[in-house]
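The structure appears right after this line, and notes come after that.
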Amino acid sequence: MWCTLHSYLVSNRAQRIGDRILGRNAGIYRLLYVLISIISLLPVLWYQFSLPQRTILDADLFIRIGQGILLVYGIAMFYLGARVYDMSFVLGFSQWRAAKEAGKLPPLPFRTDGVLAYVRHPWYSGGIALIWGFGSITDIYLLTRLILSAYFIIGTVHEEKRLVSELGDRYRAYRRRVPMLIPWKLKKIP
């Protein structure tokens, strides 16, 4: 249910409805989206951690090393993504400020430098790695990991459609050069 709510609230349709309801304060929609996403996730996490769990795969040294690599990769993707993303825009502060000052929302920022030269969605990629990089493999966590991994992949595909619709040929050209989730292409040095 949380995945459905989160996806709906980020959709163009929900944003248009939010803009109509908020009127002159439409610039605050993204900020509200972020807050609702975080607050609504807390009871889901609490519920998951409160359930009795049964270990289905003991984590031996080999699995722990693999999880450690995934954790380092995931943290690196979040850190490197935060270095190139406009965090004020991601969190909604830029939209709120622009709407208050100019009465219109700022354009979607588009960058292809830093980690974005190697992977188009470093936070989705890092998110998947983090999901699998910690904790024991239990019946509950395995199901949660599978659902969230699928959610990240489906969300990435939907995000791609939105970016193509908003950025057009610039984004299409970028998609041809840079992998979506796994940075497997090495950047050519001139």
Side-chain angles (χ1 to χ4, degrees), residues 1-50 74-117 119-131 144 147-175 178 180-181:
M1 286 177 22
W2 182 87
C3 293
T4 303
L5 173 68
H6 187 257
S7 293
Y8 177 72
L9 290 176
V10 79
S11 72
N12 289 336
R13 180 174 188 232
Q15 183 155 354
R16 283 191 305 272
I17 292 169
D19 289 349
R20 275 197 307 265
I21 292 169
L22 295 168
R24 284 189 25 213
N25 297 311
I28 202 167
Y29 183 83
R30 177 68 184 198
L31 183 58
L32 289 173
Y33 162 75
V34 171
L35 290 172
I36 290 168
S37 295
I38 292 169
I39 291 168
S40 64
L41 183 61
L42 295 176
V44 174
L45 292 175
W46 175 82
Y47 176 71
Q48 174 186 316
F49 288 116
S50 72
I75 292 167
M77 287 293 106
F78 274 92
Y79 172 75
L80 295 171
R83 291 192 58 183
V84 293
Y85 289 143
D86 177 353
M87 294 307 294
S88 182
F89 190 90
V90 169
L91 296 173
F93 293 112
S94 292
Q95 296 88 320
W96 184 21
R97 223 178 354 258
K100 281 175 55 178
E101 294 169 6
K104 63 179 183 174
L105 297 177
L108 179 68
F110 178 55
R111 295 182 60 181
T112 61
D113 59 321
V115 72
L116 298 173
V119 62
R120 295 193 309 267
H121 301 281
W123 283 359
Y124 291 149
S125 179
I128 293 169
L130 290 177
I131 289 167
T144 301
I147 290 169
L148 289 177
S149 296
Y151 179 67
F152 275 127
I153 293 167
I154 292 166
T156 305
V157 170
H158 285 289
E159 178 75 4
E160 287 278 302
K161 290 177 185 176
R162 187 180 70 79
L163 291 169
V164 166
S165 129
E166 291 186 30
L167 299 169
D169 289 336
R170 290 186 308 155
Y171 196 77
R172 284 185 193 93
Y174 175 60
R175 283 190 344 179
V178 177
M180 185 168 68
L181 288 171

**Item:** CG on D86 to OG on S94, rounded to 0.5 Å
**Value:** 4.5 Å

**Message:** I'd like to know whether R16 forms a salt bridge (charged side-chain N to carboxylate O under 4.0 Å, His left out) with D19, so could you lay out the CA-CA distance, the side-chain angles of the two residues, the decisive distance to 0.1 Å, and finally the verdict.
**Reply:** CA-CA 5 Å; R16 283 191 305 272; D19 289 349; over 6 Å; no

**Asked** Under 3.5 Å, is there a donor-acceptor pair between the side chain of R120 and the main chain of R175?
**Response** yes

**Request:** Give a yes or no on whether W123 atom CH2 has more than 12 heavy-atom contacts from other residues, nucleotides or ligands under 6.0 Å away.
**Result:** yes

**Asked** In Å, rounded to the nearest 0.5 Å, how long is the span from NZ of K161 to CG of N12?
**Response** 12.5 Å

**Prompt:** Closest heavy-atom contact between V164 and Y171?
**Reply:** CG2-CD2, 3.7 Å

**Message:** On a heavy-atom basis, which atom in L148 and which in C3 lie closest, and how many Å separate them?
**Reply:** CD2-SG, 4.2 Å

**Residues which pass ring-ring contact (aromatic ring centres under 6.0 Å, His included) with H158, listed by chain and number, not counting sequence neighbours** = none

**Message:** As a quick check of understanding, evaluate side-chain contact (heavy atoms from CB on, under 4.5 Å) for I153 and L181, giving each step before the final call.
**Reply:** CA-CA 9 Å; I153 293 167; L181 288 171; 4.2 Å; yes

**Request:** Kindly compute the distance separating CG (L163) from CZ (R172), expressed to the nearest 0.5 Å.
**Result:** 11.5 Å

**Message:** Between S50 (side chain only) and Y47 (backbone N and O only), is there a donor and an acceptor less than 3.5 Å apart?
**Reply:** yes

**Prompt:** Mind checking whether Y124 and F152 have parallel, tilted or perpendicular rings, split at 30° and 60°?
**Reply:** tilted

**Message:** Nearest 0.5 angstrom please: L9 CG to Q15 CD, how far?
**Reply:** 10.5 Å

**Item:** R30 (side chain) donor-acceptor with F93 (main chain) under 3.5 angstrom
**Value:** no

**Request:** Report the distance from atom CH2 of W96 to atom CG of L91, rounding to the nearest 0.5 Å.
**Result:** 12.5 Å

Extract all donor-acceptor atom pairs below 3.5 Å that involve side chains of residues 76-85 and protein atoms in other chains or at least two apart in sequence.
none

**Complete:** Residues at least two apart in sequence or cross-chain that pass ring-ring contact (aromatic ring centres under 6.0 Å, His included) with F49, listed by chain then number, are Y141

**Prompt:** Counting only N and O atoms by type, is there a donor-acceptor contact under 3.5 Å from the side chain of S37 to the main-chain atoms of Y33?
**Reply:** yes

**Prompt:** Roughly how far apart are I36 CD1 and L31 CG, rounded to 0.5 Å?
**Reply:** 10.0 Å

